[in-house]
Amino acid sequence: MIRKPKFLMSMLAGLLLCGSPAAAYESQGKFNLIPQPLSVRESEGSYTFRQFTVAYEPGNEELAEIADLFGQKVIPPTGLPFETTTSPKKANVVFALTADTTLGDEGYRLSVTPQGATISARKSAGVFYGVQTLLQLFPEQIKSPERVDGTAWTVPAIEISDRPRFAWRGMMLDVSRHWFTKEEVKRFIDEMAEYKINRFHWHLTDDQGWRIQIDALPRLTEVGAWRAPRVGDWWSREPQRPGEATTYGGFYTKADIAEVVEYARRRYVTIMPEVDVPGHSLAALVAYPELACLDAPEAVNVGNKFYGTDENSLCIGGPKTMEYMEKIFAEVAEMFPGEYIHVGGDECFKGFWQKCPKCTKLMKDKGLKDVNELQSWFIHEMEGILKAKGKKLVGWDEIHEGGLSPEATVMSWRGMKGGILAAEQGHHVIMTPDNHCYIDLYQGEPTVEPNTYSMCRLTDAYNWDPVPAGIDSSWIVGGQANLWAESVPTFRHAEYMAWPRGWALAEVFWTDTLRKDWAGFVKRTEHHFRRADRADVNHSRSMYNAIVTTEADSLGALRVSLAAEVPGLDIYYSFDNTIPDLHGLKYTDPVVVPLNASRITVATYRGKEPVGALIRLDVKELKARAVKTERVIGNL
């Protein structure tokens, strides 16, 4: 145990015993914090920084790193002097470690008084999260990358006691379908950490690109990391032509991986790599055709349809398959110090296994009755490989098929059913159902959004509980937002899809569900829009757009309903091909589409200001929406 200097312990005792002169104050009412802390009490007064002097106990390298990161955030916008000290009497920001076990590993207490700020925690992770909260208390100009003159760097007097609900608060970034550079990945991790998200799921391999260097199998990146350049809608692209140059792509070297792992560690983010097997392996089959059952594809997929036609699943019965898995995952385990490795296991097409003499022979030799049990055998083998390297296996909920491996952690994406089943069987679960956590989906009216599939609105993300009714919550280790990149060709668009839904899920994973307040979250989100603007972080404002639904009544008349996610918005519409404004038709109740109308045009206003995108929908589209359709699940 680290021995605490007496001056820190006496200061902490005073902070914890002195009551706040003001009544408890909910954070969303005034302080605009995301995620909302467990307990917030407003005090009298404030503190204005004219320089930054951070105190922490001598020799504590972790606290020194946090102080350095704090300096990187506050020096550019403020231009104020910054220094560290071991004397709290000389400091206006004090980092203090405490033996208080009620804070857990990531909890903290933040006290701001007219004398400065103190952050206390049982472990350094808590100090880091206390710093993120302190940064959110500054004026929005603190997010500027350049000096902002004329701003008083004042924070309110406040007492916060906070700790997370879940240990696993994750975000996934798919770098296979579209390539993101090392610097972009680091920026994404930094944006996550500011909202106390602590797990980065790095989806490194798939049919459209292999992104991680494996020394033992160099063709995985020499060949598998590159494909013909294409734009346009996913699954509608022209396949790679014979002899066409493969100029799109890239991969991370081992030095790159080490740099990103260290960058994440300093921000208390643990990286979980995913090498997706046995399905989603087309790029690997192109690089090493001996991994295929019958006929390996000749080119890495560019976003054209192929599922069920071209092989993209490893030949489980092949003589080289498990040997290659051993080599790949040995190197992956060395690169990532975290305890978990994700092996995918999802959307595996098994049709070629049924025709493959090597796979059918293995099934007979192992007494496996069908291809589902063949996949289960493979996952069991993968768990053994990872366990021998001190790692734990995570897989998508399809790893249920044929029977779960003994110690697998299930990531439930096809709704929550797979997670419920796993928890009932005594397996740990990370909840990430697509209708709440897939942030690559539409977040508003599809006709004014970039093309993708299905829907996950901001309200879908926020108004959700990762723990299903009747399930022992101890098996639910947390949840995760997933950003698949089929329709995300640039990092700017990745940010657009991630925020604010990532903020909503950060609060779902951190804050007790009983404290949810949608109207309050909207207010806080609008404040964070301004902070994001200062930092040039792209984000979506789709929550302001009207929601248009239709139904046909018993007489065949087409009826249109209009709604908005954000409380207090007014909706105006027209059927006469004009642009509606404050002087137009104001929506109050469902309306029948007039005879011969060709389209509806819809606008949203807050007071006298337009806030949402202008939506134009042809009557043909309105009729199509009146026909009920099943929700799209998955991207195949």
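Just so it is clear, the model here is predicted, and its values are computed rather than measured.
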Exercise. Does any donor atom in the side chain of Asn545 or Glu445 lie under 3.5 Å from an acceptor atom in the other side chain?
Worked result: no
Problem set entry | Passing option when Asn482 is tested against Asp440, Asp174, Leu173, Thr432 for side-chain contact (heavy atoms from CB on, under 4.5 Å) | Thr432
For this session: Anything under 30° is parallel, anything over 60° is perpendicular, the rest tilted; go ahead and classify His203 against Trp484.
Result: perpendicular
Without placing hydrogens or testing angles, list every side-chain donor-acceptor pair under 3.5 Å for residues 615-622, not counting sequence neighbours.
| residue | atom | partner | partner atom | Å |
| --- | --- | --- | --- | --- |
| Asp618 | OD1 | Arg599 | NE | 3.3 |
| Glu621 | OE2 | Arg625 | NE | 2.6 |
| Glu621 | OE2 | Arg625 | NH2 | 3.4 |

For this session: For the residue pair Trp475 and His428, categorise the inter-ring angle as parallel (less than 30°), tilted (30 to 60°) or perpendicular (more than 60°).
Result: tilted
Exercise. Which ring pair (Phe, Tyr, Trp, His ring centres under 6.0 Å) pairs, counting each pair once, include a residue from residues 151-171, with sequence neighbours left out?
Worked result: Trp168-Tyr340
Exercise. Does anything in residues 499-512 pair up under salt bridge (Lys or Arg N to Asp or Glu O under 4.0 Å), and if so which pairs, sequence neighbours excluded?
Worked result: Glu507-Arg524
Problem set entry | Partners passing ring-ring contact (aromatic ring centres under 6.0 Å, His included) against Tyr268 (at least two apart in sequence or in another chain) | Phe128
Problem set entry | Pairs where residues 454-482 contributes a residue and the test salt bridge (Lys or Arg N to Asp or Glu O under 4.0 Å) is met, not counting sequence neighbours | Arg165-Asp465
Exercise. Does a side-chain N-to-carboxylate-O contact under 4.0 Å join Glu42 and Lys30?
Worked result: yes
Exercise. What do the steps show when you test Leu404 against Val410 for side-chain contact (heavy atoms from CB on, under 4.5 Å), and what is the final call?
Worked result: CA-CA 9 Å; Leu404 276 173; Val410 172; 3.7 Å; yes
Exercise. Could you give all pairs that pass the salt bridge (Lys or Arg N to Asp or Glu O under 4.0 Å) test and reach residues 474-499, with sequence neighbours left out?
Worked result: Arg177-Glu486, Arg187-Glu495, Arg492-Glu495, Arg492-Asp536
Problem set entry | Set of side-chain hydrogen bond (donor to acceptor under 3.5 Å, both in side chains) partners for Arg211, sequence neighbours left out | none
Exercise. Do we see a donor-acceptor contact under 3.5 Å between the side chains of Thr133 and Lys196?
Worked result: yes
For this session: Mind telling me whether Tyr573 and Phe575 have parallel, tilted or perpendicular rings, with 30° and 60° as the class edges?
Result: perpendicular
Problem set entry | Test of ring centre spacing under 6.0 Å for Tyr462 and Trp464 | no
Exercise. Rounded to the nearest 0.5 Å, what separation is found between the CG atom of Leu204 and the OG atom of Ser176?
Worked result: 9.0 Å
Exercise. Can you name the ring-ring contact (aromatic ring centres under 6.0 Å, His included) partners of His400, sequence neighbours left out?
Worked result: none
Seminar exercise, completed: By side-chain hydrogen bond (donor to acceptor under 3.5 Å, both in side chains), His436 pairs with (sequence neighbours left out) none
Problem set entry | Ring centres under 6.0 angstrom apart (Tyr496, His539) | no
Problem set entry | Residues that Trp510 engages under side-chain hydrogen bond (donor to acceptor under 3.5 Å, both in side chains), provided they are two or more places apart | Asp162
For this session: Test Val112 against Leu134 for side-chain contact (heavy atoms from CB on, under 4.5 Å), laying out the working first.
Result: CA-CA 9 Å; Val112 179; Leu134 176 61; 4.2 Å; yes
Exercise. Which pairs count as salt bridge (Lys or Arg N to Asp or Glu O under 4.0 Å) when at least one residue sits in residues 563-579, sequence neighbours excluded?
Worked result: Asp570-Lys586
Exercise. Side chains of His527 and Glu140: is there a donor and an acceptor less than 3.5 Å apart?
Worked result: no
Problem set entry | Aromatic ring proximity, centroids under 6.0 angstrom, His201 and Trp396 | yes
Exercise. For residues Glu526 and Tyr544, is any side-chain donor paired with an opposing acceptor at under 3.5 Å?
Worked result: yes
Problem set entry | Those residues that, when tested against Tyr453, pass ring-ring contact (aromatic ring centres under 6.0 Å, His included) (two or more places apart) | none
Problem set entry | Between Lys523 and Asn32, a side-chain donor and acceptor under 3.5 Å | yes
Problem set entry | Polar contact flag, side-chain donor to acceptor under 3.5 angstrom, Asp207-Tyr307 | no
Problem set entry | Electrostatic pair Lys143-Glu194, nearest N-O below 4.0 angstrom | yes
For this session: Classify the ring geometry between Tyr248 and His178 as parallel (under 30°), tilted (30 to 60°) or perpendicular (over 60°).
Result: perpendicular
Exercise. Around Arg267, counting heavy atoms of other residues, nucleotides and ligands shown, do more than 12 lie under 6.0 Å from its CZ?
Worked result: yes
Problem set entry | Side-chain donor-acceptor pair present, Tyr572, His583, cut-off under 3.5 Å | no
Problem set entry | CA sep, side-chain torsions, deciding dist, call: Arg227, Asp206, salt bridge (Lys or Arg N to Asp or Glu O under 4.0 Å) | CA-CA 12 Å; Arg227 66 181 189 246; Asp206 217 296; over 6 Å; no
